[in-house]
Structure formats: C-alpha cells, structure tokens
Amino acid sequence: MRDLVLEEVLVGPVPVGINKFVLQADSPTRDQLKEDDLLGVTVVLVTCSYKEREFVRVGYYVNNEYQYTDAERQAHLQQWKLQQQQQQKQQ
C-alpha cells in the first residue's frame, strides 16, 4: 500500500478571525489503485499546516467490502484486470 495524494492546496493570506475552507477532491481512478488495495481497510487523512508545522489532522477509516463468494470475487478481479489492460492499450 502506498499514499495517494488526491488534492493539495495553499490558501492565504487569511484574515484574522473565523475562517471556513471547503476542500473537495475527485476520487482516485482505477489505474491509480493497485489490485490489492481495492478491498479492505484504508484511511482518508486530511492535514493542515502553518509555516510547515502541522496543526490539524483528521482521519477517517474506510472499509471497502465485497460480499460475494471467492469464485465470484476472482471473476470480478479478472474482469477488472482485463479492463485495465484495455485502458492501457488505448493510451
């Protein structure tokens, strides 16, 4: 498993007082994910820094499950591999 950065932003200057920021990012594409990382537990992590010092860290655990038999799961993963190969050929 490796880190995948979905978005990075710089804001400022920020006025003194209460401020609100909205951070949105597209979900990763299939070609950014390894097959072994498609299912199971992962973390979505948002960190905020000021002058290169982290002051906020919020994390969410996410569990992606696939509720089928092992044979059905293998068939689905095989189909996914074929789609990946087709996409690579088109590029």
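Positions are given from 1, in the same order as the sequence printed here.
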Checklist entry - Are Trp80 and Leu4 grouped together when hydrophobic residues (ILVMFWY) are joined by side-chain heavy atoms under 4.5 angstrom apart? => result yes

Checklist entry - Would Val11 end up clustered with Val58 when hydrophobic side chains under 4.5 Å apart are linked, directly or stepwise? => result no

Next on the checklist: Just verifying a value: how many Å separate Leu6 CG and Leu23 CG, rounded to the nearest 0.5 Å?
Outcome noted: 9.5 Å

Next on the checklist: Using side-chain contact (heavy atoms from CB on, under 4.5 Å), reason through Val9 and Phe21 one step at a time and then give a plain yes or no.
Outcome noted: CA-CA 11 Å; Val9 297; Phe21 303 97; over 6 Å; no

Next on the checklist: To the closest 0.5 Å, what do you measure between CD (Gln32) and CG (Asp26)?
Outcome noted: 9.5 Å

Next on the checklist: Checking the side chain of Asn64 only, and the main-chain atoms of Val62 only, is there a donor and an acceptor separated by less than 3.5 Å?
Outcome noted: no

Checklist entry - Take atom CD in Glu8; do more than 12 heavy atoms of anything else shown fall under 6.0 Å from it? => result no

Checklist entry - Under a single-linkage definition using a 4.5 Å side-chain heavy-atom cutoff for Ile, Leu, Val, Met, Phe, Trp and Tyr, are Leu82 and Leu77 assigned to the same hydrophobic cluster? => result no

Checklist entry - Are Leu45 and Val41 joined in one hydrophobic group, where the rule is that I, L, V, M, F, W and Y side chains link up if heavy atoms are under 4.5 Å apart? => result yes

Item to check | Minimum heavy-atom distance Glu7-Ala25, with the two atoms named | outcome: CB-CB, 3.7 Å

Next on the checklist: Taking Phe55 as the starting point, is it possible to reach Val46 by hopping between hydrophobic residues whose side chains are less than 4.5 Å apart?
Outcome noted: no

Checklist entry - Rounded to the nearest 0.5 Å, what separation is found between the NE2 atom of His76 and the CG atom of Leu38? => result 7.0 Å

Next on the checklist: As an exercise, state the distance from CD of Gln83 to CD of Gln88, rounded to the nearest 0.5 Å.
Outcome noted: 12.5 Å

